[in-house]
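Here's the structure we're looking at; comments come further down.
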Amino acid sequence: MKTSLVGLSLIILCLVSGNLQGGLFVQNRAAALSPVPILLYHSVSTDKDNPLMIEPTRFEEQMNYLKKEGYHSITFKELQEGWYNGRALPPKPIIITLDDGYEDNYSAAYPILLRTGMKATIFAVTGSMGSPGRLTWNQLHTMESSGLIDIQSHTVTHSNLTKLSDKEKMKELVNSRNEILHKLGHSADVLAYPYGFYDRRSIDAVQKAGYQLAVITEPGAANVKQGRFKLHRILITGDLLLDQFKRKLTEL
């Protein structure tokens, strides 16, 4: 009789535990599918002639704010694992991106990211690397070696994909991936559309070229419902005050 009672108790305990774990899994899965803000930066400098620049002091202020408020910077690989493979994302995930590959991403932004421990993705225009004012492949390699920086593709020449033939699209997309693989030793699985321009044929080409995700410039947080190849980003311009930056983070 005692043995039967013990067995019954174990069965009940397993059922209760299973229900609790099931509920926890649902909660974690829901959290993993929550919208994620992807911030879009370009030049981190004091170049007044560049409307897309942000001064280093303001960039650092924003990175410090994110860290203080408990945001966890993640990579696109981590986002993909969370959204599509069921792995847990950290609380308050956020992705920081810098487009085009300006040299100041190394000289100004990188030291700030090191100090704050924030991860970032640089979308490199591979055909421009090493040109005046642009990053070199050695600088890209150094930054990636830190574990904080991830280099992804912004095509070869930053051409508007919607204006290119199918053959030209594939050349821009495939050659950029191949160059990153050759120079940095890893494939580029994420694309930033030049100028944010895309259409159905461009999306088809991006998929065919082997990319897993792509980002656009539509405002608001990225959401799994947008699809893998139309993830929204929040543009951060140099004139944003901190209070305005805080409000940007809540755009959905």
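Sequence positions, counted from 1, serve as the residue numbers for this chain. Computed from heavy atoms alone, side chains included, the values below leave out hydrogens, waters and symmetry copies.
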Do [X] and [Y] belong together in a cluster built from hydrophobic side chains that touch within less than 4.5 Å?
{"X": "Leu213", "Y": "Phe229", "answer": "no"}
{"X": "Leu235", "Y": "Ile96", "answer": "no"}
{"X": "Tyr110", "Y": "Leu184", "answer": "yes"}
{"X": "Ile149", "Y": "Leu114", "answer": "yes"}
{"X": "Ile112", "Y": "Met118", "answer": "yes"}

List the atom of [X], the atom of [Y], and the distance in Å for their closest heavy-atom pair.
{"X": "Ile74", "Y": "Pro93", "result": "CD1-CB, 3.9 Å"}
{"X": "Glu78", "Y": "Leu89", "result": "O-CD2, 3.3 Å"}
{"X": "Ala209", "Y": "Val174", "result": "CB-CG2, 3.9 Å"}
{"X": "Ser34", "Y": "Trp83", "result": "O-NE1, 3.5 Å"}
{"X": "Leu98", "Y": "His42", "result": "CD2-O, 3.8 Å"}
{"X": "Leu173", "Y": "Val206", "result": "CD1-N, 3.7 Å"}

Trace of the side chain to side chain contact (heavy atoms under 4.5 Å, CB included) decision for Ile180 with His186: CA-CA 7 Å; Ile180 290 172; His186 67 84; 3.8 Å; yes
Test your reading of the model: is there a side-chain donor-acceptor pair from [X] to the backbone of [Y], 3.5 Å cut-off?
{"X": "His232", "Y": "Pro219", "result": "yes"}
{"X": "Asn50", "Y": "Leu52", "result": "yes"}
{"X": "Asp189", "Y": "Tyr211", "result": "no"}
{"X": "Arg233", "Y": "Leu39", "result": "no"}
{"X": "Arg58", "Y": "Gly238", "result": "yes"}

Check the side chains of [Y] and [X] for a donor-acceptor pair under 3.5 angstrom, ignoring hydrogens and angles.
{"X": "Asp100", "Y": "His154", "result": "yes"}
{"X": "Glu172", "Y": "His158", "result": "no"}
{"X": "Ser202", "Y": "Asp199", "result": "yes"}
{"X": "Ser153", "Y": "Arg177", "result": "no"}
{"X": "Thr142", "Y": "Gln139", "result": "no"}
{"X": "Asp47", "Y": "Ser45", "result": "no"}
{"X": "Asn160", "Y": "Thr162", "result": "yes"}

Is any side-chain heavy atom of [X] less than 4.5 Å from a side-chain heavy atom of [Y]?
{"X": "Val156", "Y": "Glu179", "value": "no"}
{"X": "Leu249", "Y": "Ile94", "value": "yes"}
{"X": "Thr237", "Y": "Leu40", "value": "no"}
{"X": "Val215", "Y": "Phe123", "value": "yes"}
{"X": "Leu242", "Y": "Lys246", "value": "yes"}
{"X": "Val36", "Y": "Val224", "value": "no"}
{"X": "Val44", "Y": "Met53", "value": "no"}
{"X": "Ile122", "Y": "Leu135", "value": "yes"}

Stepwise, does the side-chain hydrogen bond (donor to acceptor under 3.5 Å, both in side chains) test hold for Ser43 with Asp104? CA-CA 6 Å; Ser43 170; Asp104 57 57; 2.7 Å; yes
Look up atom [atom1] in [X] and atom [atom2] in [Y], then write down how far apart they are to the nearest 0.5 Å.
{"X": "Glu61", "Y": "Thr116", "atom1": "CD", "atom2": "OG1", "result": "13.0 Å"}
{"X": "Lys225", "Y": "Lys230", "atom1": "NZ", "atom2": "NZ", "result": "14.0 Å"}
{"X": "Ser107", "Y": "Tyr102", "atom1": "OG", "atom2": "OH", "result": "13.0 Å"}
{"X": "Leu164", "Y": "Thr155", "atom1": "CG", "atom2": "OG1", "result": "8.5 Å"}
{"X": "Ile54", "Y": "Thr46", "atom1": "CD1", "atom2": "OG1", "result": "12.5 Å"}
{"X": "Thr217", "Y": "Asp99", "atom1": "OG1", "atom2": "CG", "result": "9.0 Å"}

Classify the ring geometry of Tyr41 against Phe59: parallel below 30°, tilted from 30° to 60°, perpendicular beyond 60°.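 Correct class here is perpendicular.
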Parallel under 30°, tilted from 30 to 60°, perpendicular over 60°: which one fits the rings of Phe245 and Tyr65?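 Ring orientation of Phe245 relative to Tyr65: perpendicular.
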Test side chain to side chain contact (heavy atoms under 4.5 Å, CB included) applied to Leu161 and Leu191, step by step: CA-CA 12 Å; Leu161 292 177; Leu191 175 80; 4.3 Å; yes
Kindly say whether the aromatic ring centers of Tyr193 and Phe197 come within a distance under 6.0 Å.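 When the ring centroids of Tyr193 and Phe197 are compared, they turn out to be at least 6.0 Å apart.
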Begin from the C-alpha positions of Lys48 and Glu55 and carry the test side chain to side chain contact (heavy atoms under 4.5 Å, CB included) through to its verdict. CA-CA 9 Å; Lys48 301 298 184 182; Glu55 293 186 1; 2.8 Å; yes
Name the one of Glu69, Met63, Gln62, Lys68 that satisfies side-chain contact (heavy atoms from CB on, under 4.5 Å) with Leu66?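 Exactly one pass, corresponding to Met63.
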Given Arg200, Lys208, Arg201, the one that forms side-chain hydrogen bond (donor to acceptor under 3.5 Å, both in side chains) with Asp204: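 Among the candidates, only Arg200 passes.
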After noting the C-alpha distance and the side-chain angles of Thr136 and Asn138, does the key distance pass the side-chain hydrogen bond (donor to acceptor under 3.5 Å, both in side chains) rule? CA-CA 5 Å; Thr136 67; Asn138 282 338; 5.3 Å; no
Mind running side chain to side chain contact (heavy atoms under 4.5 Å, CB included) on Ile95 and Leu79 for me, showing each step along the way? CA-CA 9 Å; Ile95 298 179; Leu79 178 71; 3.9 Å; yes
Does NZ or CZ of Arg228 come closer than 6.0 Å to the centre of the six-membered ring of Tyr84, within 45° of the ring's axis?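 Pair Arg228/Tyr84 counts as cation-pi.
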Go through the steps to decide whether Glu168 and Ser165 satisfy the test side-chain hydrogen bond (donor to acceptor under 3.5 Å, both in side chains), and finish with yes or no. CA-CA 5 Å; Glu168 290 169 332; Ser165 67; 3.3 Å; yes
Before giving the answer on salt bridge (Lys or Arg N to Asp or Glu O under 4.0 Å), spell out for Lys183 and Glu144 the whole-Å C-alpha distance, their side-chain angles and the decisive distance to 0.1 Å. CA-CA 12 Å; Lys183 292 292 177 58; Glu144 279 206 328; over 6 Å; no
